[in-house]
Every structure is written in C-alpha cells, then in structure tokens.
Amino acid sequence: MKIGIVCYPTFGGSGVVATELGIELSKKGHEVHFITYSQPVRLDALSSNLHYHEVNVPDYPLFKYEPYELALSSKLFDVISKHKIDVLHVHYAIPHAYAAYMAKKILNENGYNIPIITTLHGTDITLVGNHPFYKPAVTFSINKSDIVTCVSKSLMEDTREFFGITKEIKVIPNFIDIDKYDKKHNLCERNMIADGDEKIIVHVSNFRPLKRIKDVLEIFKKINEKINSKLIMVGDGPDKKKAKEFLRKHNLKNKVIFLGETNQVDEILCSSDLFLLPSEKESFGLAALEAMALKVPVISSNAGGLKDLNINGNSGYTSDVGDIDSMAQNAIKILTDSSLEKKYRTQAFENAKKYDIKKVIPLYEKIYNEALNIS
Ligand code: GMT
C-alpha cells in the first residue's frame, strides 16, 4: 500500500509515533511518504520504501502569519497525485486534519479519491484544540476524516466530552519496539552520568507548563534529601529558565544535568533508576513507556492515559496531580529497597511488552484497509 503520513517532525510524542509507524510500515513492504516541513528527527535513513517531501511556505511581506495549511494542502495534492498514494494518515488534528480535508476536496475535483485517517494525540484535543479560536474548525475536520483514532481511552473520552464528534473514535495505543529495547539492557553505562552510589532520576519532556517542571524539581529535592541522587532533565521548552532559578535558589545546581533535545534518550534511560512524569495532562505518556521498556520504574501523576500505562503499585506509582509528597514518598520507597527496585524494574518491562510494535502496527494496517473500503 502507498501511505502518506503528515506529522510534526519534532521531538514531540506525536511526531515520534508517526515516524516510528512509517518506518515500521516501510519495513513491512509498504511505500511510505512523509509530508512535513522538515525531515522528522527520528527518520535518519530514507530508502526506496521511505520518502520525505518538504512543505515550504514562501515569505511574503503581506503575511503577518504564513499560511502553512495552504502550503500543506497544495503539497499534499502534488505528492498524492504524483505518487498515487492510497491512504493519507495525519497525526495531530491542528492543522493537519484541516489541511488534509482541503487536499481531499481538491483531489476530488480532479477525479482522485483519498481516504483520510486522523490520529489525535493529546494537546490537539485537551489544550489547543478546544480553544474557541480553533474549536469549530477542529470539530469539522475531525468529523470529516474517514477514520479517527486516538492514543488512549482517556483521550477518546475527552474528545467526546469537548467536541461534538459524531463519528466512531477508535483507540490505538502508542507503541515501542520491545526487541530493540531488550537488546539495550546490557549496554548501560551508569558511571558516565552518576558518581559512585548516586541514584539516577530522569525526566523527559518539552518543559511546557502542563508537564509541571516545578513538581519534578520539588520531588527530586525531597528524594535527594534522603538519597544521594542526580536528576537528568532531557528536552527543552518554556519552563527551563524557571527550573534553573529553582535550582539556584535551593542550591541544587550541581545535582541536576540539563541535556536538551537529544536522540540519545535510550542511552540515558538505560542507566536510570527512576522516571518522573507528574504531568497535569497526558493523553498517553510515550516517554514513560520508553522508560518502562528500559526497565525503569515510573513515578507519575494519574492524569489522562497515565493511570492505564503506569500501573499503580506495579510498574511504579501514580498519584493525584500536584501531590508531590506522595510522589516523593513512593520514589523513596522504591529507591531504598533494592529487592523492591528489582521487582518494579521487571514489572515495568513486562507492562511495556503489552505495547510492542508488532501488536500495534497490524491495527493501523487494518484501519488503512477499512478506509480503502469506505471510500
Ligand atoms: O507531550 C507533549 O506535550 C507532546 C505531545 C505531542 O503531541 O507530540 O504529546 C502528546 O502525544 C504523545 C504521543 O501520542 C502522547 O504520548 C502524550 O501523552 C501527548 N501529550 C499530552 O497529552 C500532553
């Protein structure tokens, strides 16, 4: 099958899921075309089955805001007609579902029919998408997609609650390649990060307010008061400056390392003892799943899809959003008992196995076939 994929090409979870999906589909013999404004960060090698088409928005002095959706719709029209794409799969509703619908209409005018699958990822629904400035257009484009999927039951419920969605919404969870992670377990080099008996705690995110970076630091502070530890902060974003101020104020600067955006997350997680994700909202929590796949127990909030992914008392612990005392206590419980830590590590990995790529990709293939039959 020839599959077009539209996504954000950045380090964000939706872009990572879309890219890993495309790569795996290409390995299974499908011809995959990514259509984005830059090459997706996890797409490091192109092949005869894996293509990338760049969307360019020309500068023009009249524009205060460049019309990216327009450029994307035109590019979709070109790529789909030139390469005879069978299905178009767009990740993140804004503005991708909208641009896809416009492209579909233009293609229809030219006698070409393409089914559109929209996958909702989280903030396109729970944060940005339900802003009154966007809501009518987002509702319209979701309803106009031929098939709609989302990454967790919680996101499906939020979508139904916030939008007037009349269509069925199918839940297909995010995934990881468990074999790839299994091979990495023996390659971890703790001493590159930690000194002596220091415990290594990791947080990975885009440092936006909903990730509650201050909670991450408060939890770490409480842990470090009891256990000699180091915090590795992976990613970048608006709350990084505030985080550095907090560390200066609490004299913790030499206990925290900021690594920025990196493709080496696995190498860092692999040497870690605990993963922190106290988010206010989290439709799925892909970063936590990647940690679990590397046998790292997770201390998280119970927001959104996190409570289904991180099984409380099994792969780690979940607490109410903002309950830093409970999160710190749970972290200390795991880190001070080596047999408990070992048990949680094993259980985290066992839970991650449920989300293996081999189980999830066929669900998308099934949906592509359904979409072909609809149109
Ligand atoms: O977490 C973010 O803010 C990035 C965002 C994205 O769209 O890239 O992540 C969302 O999609 C991921 C992949 O499906 C999910 O694992 C994240 O939970 C979700 N983020 C939120 O819901 C806040």
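When a ligand or atom number is given, it counts from 1 through the structure's own listing order.
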Item checked: Geometric class of the H96/Y8 ring pair [parallel <30°, tilted 30-60°, perpendicular >60°] -> tilted

Notebook entry, point to check: Does R345 reach the side chain of D273, with side-chain heavy atoms less than 4.5 Å apart?
Noted result: yes

Next item on the list: Number the atoms of ligand 1 from 1 as they appear, then name those within less than 4.0 Å of a heavy atom of N174, with their elements.
Entry: 13 (C), 14 (O), 15 (C), 16 (O)

With respect to [X], determine whether any N or O atom, backbone or side chain, lies less than 3.5 Å from an N or O atom of ligand 1.
X: V17; result: no
X: S14; result: yes
X: L210; result: no

At a non-hydrogen distance cut-off of under 4.0 Å, which region of [X] contacts ligand 1 (side chain, backbone, both, or neither)?
X: T126; answer: neither
X: D124; answer: neither
X: L286; answer: both
X: Y92; answer: side chain
X: K281; answer: backbone

Notebook entry, point to check: Is it true that the NZ or CZ of K244 lies under 6.0 Å from the centre of F258's six-membered ring and within 45 degrees of the ring axis?
Noted result: yes

Next item on the list: In plain terms, say whether D195 and K230 are close enough for a salt bridge, that is, a side-chain N and a carboxylate O under 4.0 Å apart.
Entry: yes

Margin query: Between K281 and D158 (salt bridge meaning N to carboxylate O under 4.0 Å), is one present in this structure?
Written below: no

Next item on the list: State whether the number of non-hydrogen atoms from other residues, nucleotides or ligands found under 6.0 Å of K180 atom NZ is greater than 12.
Entry: yes

